[in-house]
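Convention: sequence-line order gives letters A, B, ...; per-chain numbering from 1. Remember, predicted model here, so these are calculated numbers, not experimental data.
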Amino acid sequence: MLKIENLEVKLEEEDKEILKGVDLEVPAGAVHAIMGPNGSGKSTLSYVLSGRDGYEVTGGTATLEGKDLLGMEPEERAAAGLFLAFQYPVEIPGVGNMTFLRTALNAQKKARGEPEVSAGDFLKLVREKSKALEIEPDMLKRPVNVGFSGGEKKRNEILQMAILEPRMCILDETDSGLDVDAMRLVAEGVNALRDAGRAFLVITHYQRLLDHIRPDVVHIMANGRIVKSGGPELALEVEQNGYADILAEVA
Amino acid sequence: MALPQKRQDATEARIAALDTPGGGGWIRKARDEALARFRSMGLPERRDEYWRFTRPDELNAAAAPEAAILEAKETQVFGALDRLCIVFRDGVFDEAASDKLEGEGLEIERLADAARADIHWAKDLYGVLEARAQVPVVRPFAALNTAFAADGVVIRVTGRVTKPVHLRYLHEKTDSDAMLHVVVRLEEGAELTLLENGPAAARFNKCMEVDVADRAAFHHVRAQGRDHERRAVTHLFGRLGKESVFKSFTLTSNGRLTRNEVFLELTGDDAVAHVAGAAVGDGDFHHDDTVFIVHDALNCESRQVFKKVLRNGAVGVFQGKILVKRGAQKTDGYQISQALLLDEDAQFLAKPELEIYADDVACSHGSTSGAIDEDAMFYLRSRGVPESQATDLLVLAFLAEAIDEVEDATISEDIRSRLEGWLSRRRR
Ligand SMILES: Nc1ncnc2c1ncn2[C@@H]1O[C@H](COP(=O)(O)OP(=O)(O)OP(=O)(O)O)[C@@H](O)[C@H]1O
Ligand SMILES: [Mg+2]
């Protein structure tokens, strides 16, 4: 599904290398997790994959189902099936959450040559998905993320994912800021979407989310590289011992 | 004090180029006084503080610069509403195209007809609110209008009128130089929604005087028309009685030059005045909102919300003042002016001012200008919304606070769809 080879990225504005040769492959149907110390480049990787400005790719490739991601506009990547749940979801005053969701869904459908969703069907879809995530109807009426609590913002990200049904989902610390119940809801939301044609890349600092969303593979990112990969037990090791041992071992 | 020779010559040349309208009696006197006012102030000049950001040259010129007619394809704004429509072509009343000037709770007359009467209620307002607004800052084009406007309407509202009155200004001659004067008197407890739209003329000078008696409510929504080369200078004067409401919203799209002046006096306690504007300009567009709100009573609220979206050399100007007079305690004054600059060629010039002579008031003002929020843009695009569509969404979101000032949902929807049309014609 997602294939990243030797990806090297620096900041556009300054000569600062952030990703120093990332190799990663997430096959369809799989859930991979990325853990790693603060500042190791996890969010940068997710931004570069989704096409945010400000970064310069100096080497390597990234493909989604064989298509070159790095040459596409952000909206084309979305239409191709990529989704990023932001570590810090953005507030957009003046744009209603419903308008936003519907505009996004129909824009993607249009780009893929699929028929747009009618207002009625859309309303039904949103009702169903938001209910599962226990998102109040009031939150849907408000402007995108404006005045949402940290946890509400994260749930709103998962709602967008549930509605857009992307094939490759990247979740950047969706668990941080969530209370225990919200964490369970979000995990259920993710698990409900798991299927053979979809893949997940879950960035997290905590083992707890991975109790709910069982990953197939756990990667450790440090200083702009994937330094170690293993099974779910790797996450437990991090939880118990921190990164020192792992980093010492690969140094 | 005599004007400098150059200014006096320009002023006399401007006067000489105009026809003196007919009508004797009460209106003759008002016009003569206005002409004397105009002569004493003279035409504005660039170095006048009040005209620092807007060149008055094209308004000063004796002959109106030409303006091409735009063939608008979409449906008429306000066209779907049940309304009383009054049509002016290049500043001349068109009886055949207008609805009958009558309605429950309404007395409407053409200005020329009112001018012929020996005694008329409009006498107490025509040029009166304009003259009051000449202090502390002069507004020469308003005095010029009072002196020379031959056409227009006078509207007296005695009840709660539900059907809006719509003044529709058509522009059909490329060299038309139009002046219209509108007088509105809302009697105690009366209500009226007044709509205006259209480019009006190659050059348009409009003056509107609105007297809102105690507990009356005046709603005003205008859509200033789209002809690219038109110039307009408009004045909206309002006097607000006790517990009265005055709400005015203006959408401006296109136009080489627009100067919209608003002067409101809150003279009765607990009055509420809102003025708002949304202006969108692309290219040869200069839009100036100059607002002056005088608080002269207790516990009044005023609110100014002005938003401008500018690109490709377009210029936006905002001069807004809140004057709280001695004794106008518990005043709640709010003012915000913001520009969204869609590229680096666009420019926004703002001069917000507060002048307060009472100690128990809450007044705030803010002015910002900036580009589209890049984080919001990326967020939208990352969800699959193409850049041009995301821009439109963010532009409409930016203007929302101003458009929300329009209370009637059908009318605000009309305004919004007109903006969407403007944006979609500019998709890149
Ligand atoms: N736009 C930027 N300007 C300056 N520095 C940046 C920028 N983007 C990223 N960096 C730097 O790149 C490094 C990686 O940042 P990134 O946000 O990818 O880390 P992370 O692994 O997601 O960390 P965390 O676990 O704290 O979320 C950090 O040192 C960060 O300061
Ligand atoms: Mg991060």
Asks: Chain B heavy atoms under 4.5 Å from A:Asn145: which part of the residue, side chain, backbone, both or neither?
Replies: side chain

Asks: In terms of the angle between their ring planes, are B:Tyr379 and A:Phe86 parallel, tilted or perpendicular, with boundaries placed at 30° and 60°?
Replies: perpendicular

Asks: Checking B:Leu393 against A:Thr99 for the side chain to side chain contact (heavy atoms under 4.5 Å, CB included) test, could you report, in this order, the C-alpha distance in whole Å, the side-chain angles of both residues, the deciding distance, and whether it holds?
Replies: CA-CA 9 Å; B:Leu393 265 180; A:Thr99 309; 4.2 Å; yes

Asks: What's the shortest heavy-atom distance between B:Ala397 and A:Pro93, and which atoms?
Replies: CB-O, 3.4 Å

Asks: Sub-4.5 Å heavy-atom contacts with chain A: which residues of residues 402-415 of chain B show up?
Replies: none

Asks: Given that the side chain runs from C-beta out, which part of A:Arg77 has a heavy atom under 4.5 Å from chain B: side chain, backbone, both or neither?
Replies: neither

Asks: Step through the shown structure and confirm whether more than 12 heavy atoms of other residues, nucleotides or ligands are within 6.0 Å of CG on A:Asp53.
Replies: no

Asks: Scan A:Val90, A:Thr103, A:Ile92, A:Val144 and name whichever one has a side-chain contact (heavy atoms from CB on, under 4.5 Å) with B:Leu380.
Replies: A:Ile92

Asks: For B:Lys330, is the NZ atom crowded, meaning more than 12 foreign heavy atoms sit under 6.0 Å from it?
Replies: no

Asks: Working to the nearest 0.5 angstrom, can you tell me the gap between B:Met377 CE and A:Arg52 CZ?
Replies: 13.0 Å

Asks: Looking at every non-hydrogen atom in both residues, tell me the closest pair between A:Ala107 and B:Pro386 and how far apart they are.
Replies: CB-CD, 3.8 Å

Asks: Within the supplied structure, the quantity of interest is the number of heavy atoms (other residues, nucleotides, ligands) at a distance under 6.0 Å from B:Lys351 NZ; does it exceed 12?
Replies: yes

Asks: Rounded to the nearest 0.5 Å, how far apart are CD of A:Gln160 and OG of B:Ser382?
Replies: 8.0 Å

Asks: Is it true that atom CD of A:Glu12 has more than 12 heavy atoms of other residues, nucleotides or ligands lying nearer than 6.0 Å?
Replies: yes

Asks: Taking 4.5 Å as the heavy-atom cut-off, does anything in residues 366-375 of chain B contact chain A, and if so which residues?
Replies: B:Asp375

Asks: Select one option (side chain, backbone, both, neither) describing which atoms of B:Gln389 are under 4.5 Å from chain A's heavy atoms.
Replies: side chain

Asks: Kindly say whether A:Leu84 contributes a backbone atom to a donor-acceptor pair with the side chain of B:Arg383 at under 3.5 angstrom?
Replies: yes

Asks: Tell me, yes or no, whether the heavy-atom count around A:Glu136 atom CD, taken from other residues, nucleotides or ligands under 6.0 Å, exceeds 12.
Replies: no

